[in-house]
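These notes are about the structure you will find just below.
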Amino acid sequence: MALGLDGDILAISHVPTTHAHAQGVAAGVLEALERLLAALPPETPVLLVAHSTTQATNALLEGDTAQIGVLALGEGRDEGRIRKVTQAPAGLHSRWAFVASDRSEFAAQVQAVLNDWQRAGVEAVAISEAFGVDDPQQERRAGELAREIGLPVTLGSDLSGSYGLEMRTVSAAINASILPTMLRTAQHVRAAVGTRLPGVPLLIMRGDGGAASLQAFEETPLHTVVSGPAASLGGAILREGLMDGVFFEVGGTSTNVGAIKDGRPVLKYMTVLGAPTGLRAADIRIAGVAGGSLVRLGRRRIEEVGPRSAHIAGLPYASFAAPELLQGARLVEVSLPGTPLGGYAVLEVPDGTRYAITPTCAANALGAIGTTGRAFGNEASARVALTLLGERLGASMAQAATAVLEASAEKLVTLVRDLAKEHGLQGMPLYGGGGAASVLGPVIARRLGVPFQAVPHADVISSIGAALAVIRVERERSVTRQDPTIADLLEREVGDEAVRLGADPGSLRVETEYLPQEGRLRAVAVGAHPLSAQTRVLDADELNAQARLVLGDSAQLVFGGKFHSLFTAAHETRGLVRRSVKRPALVLDQCGVRLLRFENAQVLTGTPAEVLALLRHALGTQTAPQVAALTPTRLRDFAHLHDPQALVQHLHDSLRLEHQVALIVRQE
C-alpha cells in the first residue's frame with residue numbers, strides 16, 4: 001500500500017508470498033513494491049518504506065530455528081546456581097557452557113568455547129551474565145569475540161535491563177535462535193528495496209506498535225513477534241482515532257483480538273515457547289475461527305466452526321465458485337488429515353471436486369457483505385451451499401447461515417469479554433477489521449451489549465499501521481531505592497537510542513513509569529521518523545472536542561505546546577452534608593492521542609521557579625504524590641519519586657532551562 005503525506009491511500013497491491021523462492025518472503029516484498037510503484041504517477045517521490053513481517057512469529061511456530069550456544073557468565077563460585085537458571089527453552093536446539101568472568105584467562109576460555117561450538121555447527125550465540133545489567137562489560141567482550149569469528153550474537157543485557165538472570169537468558173536464547181533466518185531475510189529485503197529505491201529509509205514494525213530501523217530488526221528480531229496484529233491495532237488507532245475498546249481482525253484461518261486504551265495498544269510481557277521474556281508487546285489473543293473456518297457437524301446441529309480452515313485443507317470456498325460448477329453438488333461429511341475429528345461439512349460435485357462451507361459463505365448467502373468488500377463472493381453459489389447445509393440441519397437456508405455465524409461468534413465472545421474485563425474496557429465499543437468483521441462484529445456486539453464499528457480499509461489496515469508507526473524504544477531497570485539519577489540516565493538512554501534508530505529529535509517524547517510492586521523503572525521514548533507519513537494533526541477546535549469527550553463540556557485548555565495540550569475540567573458532586581469538586585486533567589498529543597489522564601489533579605503553571613515554589617508549599621513531609629511535568633516540547637512523569645525533597649530537586653534540575661512549564665499533581 002502507498003500512503004501519501006496527507007494520509008490518503010494512493011495505491012494498493014496484494015501479493016501472496018512463498019517460502020519456496022530463493023529470496024523467501026522478500027520476493028513478495030519486491031513484487032508488491034514494483035506493483036505499487038507502477039500504480040503511482042511517474043516521478044512520484046518515495047520517502048520511506050515501512051514493512052510489517054510475521055516471519056519471526058512463523059519461525060518460532062514452525063520450529064525454523066538455528067542451533068544456538070548459550071554462554072553463561074558469572075563469578076566462578078556461583079557456577080552451580082547459574083547453571084540452573086541459564087538453560088535454553090526445551091523447544092530449542094542448544095549447547096551450554098559456563099565461563100567464570102572473574103578469572104584472568106576469561107577471554108581465552110570464551111574463545112575456546114566459541115571455537116568448539118562453531119566446529120559443532122552452532123549458528124548463533126546467546127550470552128548472559130549474572131548482574132550483567134549493572135556491568136555488561138564482560139558480556140560485551142564475549143560478544144565481540146563471537147562476532148570476530150562470524151557468529152551472530154544476542155546479549156541478555158541488550159534485551160532487558162531488569163534483574164532476573166533466567167528471564168534475560170531465555171529472551172537472549174530465543175532471539176539468537178531466529179537471528180540467522182532473520183539476518184538472511186533482512187539482507188534480501190535490504191537488497192530488494194535498495195535495488196529499486198536506493199537510499200530510501202526502511203522501517204520494520206515491532207510487536208509493541210512502534211517501528212525501528214532494519215538494523216534493529218537484525219539485532220533483536222524477537223521484538224517483531226506479533227508485529228502484524230500490532231500494526232493493525234496501530235493502523236486502527238492512528239487512522240480512525242480510536243481511543244478505548246476492543247479491536248478484532250478476521251483473517252482466513254484465525255482472528256486476532258487486541259485491546260485499545262487511551263488511544264494506545266495495551267501491552268504485556270511476552271511468553272514465547274512457554275517461557276516468559278522481558279519484552280513487552282501488544283496483548284494479542286488469537287482464536288481459531290475466521291472467514292475461512294470449516295463447519296463441523298454434530299447430530300442435529302453445528303458442533304463447531306474452526307479451528308481447521310479451508311486454506312489448510314486446500315479447499316476452495318463454495319461462495320467463490322461459479323454457480324455452474326456446483327450443479328449436482330451434495331453435502332458430505334469428511335475427516336481431515338492431522339485431526340481425529342470427523343464431520344466437516346463440504347460440498348462434493350459429481351467429478352469429485354470438493355468445496356468448503358465457511359462463515360464467508362454464510363455471510364454471502366445472507367447478502368451481508370458489501371460488493372466492495374474483499375470477502376464478497378457469488379451469492380447464488382453461497383445459497384446453494386447453505387441450502388444443502390440447512391437440509392442436513394433441518395433448517396432453512398437463512399437459518400443455517402445464521403447458525404454458522406452464531407457458532408463462529410461464540411468463540412470470539414468469550415475472548416472479547418475476557419480481554420475487556422482484564423483491561424477495564426467493559427461496555428466500550430467493539431471495532432472490527434477483515435473480510436468477515438462486518439458480519440461477525442454485530443453478532444458479537446449484540447451478545448455483549450456494546451456498540452460495533454467496522455474499521456474502513458480493513459484489508460490494508462496493517463499496512464497503514466506500519467506506515468504511520470513511530471519509532472519506539474522501551475527500557476526497564478530493576479530499582480531497589482529512589483534514585484533520580486537512575487531515572488535521568490534511563491531517559492537519556494532511551495532517547496538516544498530512539499534517535500539512533502531514526503526518530504526525529506524534535507518530535508521525541510520520553511515518559512517514565514515506576515512500578516513499585518515489581519521494583520521496576522520503565523522509560524519509553526517515542527518519536528516520529530522525519531520522513532514518515534504522519535497521521536493528521538488536529539486543529540485547536542478538534543483537540544477541544546477530543547478533550548470534551550473525555551472530561552465533559554467543562555474542559556478547558558490550560559497549557560499548550562508544539563506537541564502537547566493540557567486540559568482540565570471541574571466536576572462537582574453534592575452529598576448530604578457538603579459538596580466536593582474533582583478537577584480531572586488530560587494531556588493530548590497533536591493528533592489527539594491521550595498521553596496522561598488523572599481523575600483529580602492540581603495544575604500549576606508558570607516559570608520553573610514559580611511552579612516549584614507553589615509545589616513546595618503544597619507538599620507535606622511524607623510521601624509525595626505523583627507528579628508529571630509538561631513543557632512546550634516534552635512530557636515527563638515523575639511517579640518514581642516519592643521523597644518530597646528528591647522530587648523537588650529533580651524537577652529543579654530537569655526544568656531549570658525552560659521558560660514556561662506545567663506541573664500536574666495527582667490528588668487522592
Side-chain angles (χ1 to χ4, degrees), residues 228-229 231-237 239-261 265-266 282-293 295 302 305-307 309 317 319 358-377 379 382 386 398 401-421 423 425-462 464-465:
S232 298
L233 266 176
I237 292 169
R239 180 80 179 187
E240 303 303 321
L242 306 187
M243 283 295 176
D244 296 291
V246 176
F247 174 82
F248 74 103
E249 183 179 26
V250 185
T253 302
S254 62
T255 296
N256 299 314
V257 184
I260 300 171
K261 197 166 187 177
V266 174
D283 186 2
I284 301 295
R285 315 288 170 90
I286 302 175
V289 62
S293 296
V295 177
I302 294 174
V305 178
S309 70
Y317 291 30
S319 56
T358 68
T360 297
C361 300
N364 275 286
L366 293 173
I369 298 178
T371 57
T372 58
R374 285 183 55 81
F376 180 72
E379 186 175 322
L386 273 299
T402 300
V404 170
L405 297 179
E406 290 283 348
S408 302
E410 182 64 35
K411 289 183 177 180
L412 295 172
V413 166
T414 302
L415 206 61
V416 171
R417 181 187 290 118
D418 290 347
L419 191 65
K421 182 178 180 180
H423 297 300
L425 295 170
Q426 298 99 317
M428 294 293 103
L430 177 67
Y431 304 104
S438 60
V439 179
L440 294 179
V443 180
I444 302 168
R446 172 174 51 78
R447 291 195 182 187
L448 295 174
V450 299
F452 170 73
Q453 176 183 326
V455 176
H457 308 296
D459 56 329
V460 292
I461 199 67
S462 179
I464 292 173

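Heads up: numbering here begins at 1 and tracks the sequence. Worth saying up front: this structure is predicted, and the values here are computed from it rather than measured.
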Looking only at heavy atoms, which two atoms of [X] and [Y] are closest? And how far apart?
X      : Y      : answer
Thr360 : Gly292 : OG1-N, 4.5 Å
Gly258 : Ile284 : CA-CD1, 4.2 Å
Gly441 : Phe452 : CA-CE1, 3.5 Å
Ser408 : Pro359 : OG-CG, 3.4 Å
Leu430 : Ala445 : CD2-N, 4.0 Å
Ala282 : Leu233 : CB-CD1, 4.1 Å

Point-to-point distance, once rounded to the nearest 0.5 Å, from [atom1] of [X] to [atom2] of [Y]:
X      : Y      : atom1 : atom2 : value
His423 : Asp418 : NE2   : CG    : 10.5 Å
Thr358 : Asn364 : OG1   : CG    : 8.0 Å
Ile302 : Glu406 : CD1   : CD    : 10.0 Å
Arg285 : Leu415 : CZ    : CG    : 7.0 Å
Tyr431 : Phe248 : OH    : CZ    : 12.5 Å
Glu410 : Ile444 : CD    : CD1   : 10.0 Å

Sequence-distant partners of Lys261, salt bridge (charged side-chain N to carboxylate O under 4.0 Å, His left out), two or more places apart: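 With sequence neighbours excluded, Lys261 shows a salt bridge (charged side-chain N to carboxylate O under 4.0 Å, His left out) to no residue whatsoever.
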Side chains of [X] and [Y] in contact at under 4.5 Å (non-hydrogen atoms):
X      : Y      : value
Ser232 : Glu249 : yes
Asp244 : Leu425 : yes
Met428 : Val246 : no

Test side-chain contact (heavy atoms from CB on, under 4.5 Å) applied to Thr255 and Lys411, step by step: CA-CA 10 Å; Thr255 296; Lys411 289 183 177 180; over 6 Å; no
side-chain contact (heavy atoms from CB on, under 4.5 Å) between Leu366 and Leu405, intermediate numbers included: CA-CA 10 Å; Leu366 293 173; Leu405 297 179; 3.8 Å; yes
side-chain contact (heavy atoms from CB on, under 4.5 Å) between Val404 and Leu386, worked out: CA-CA 9 Å; Val404 170; Leu386 273 299; 4.3 Å; yes
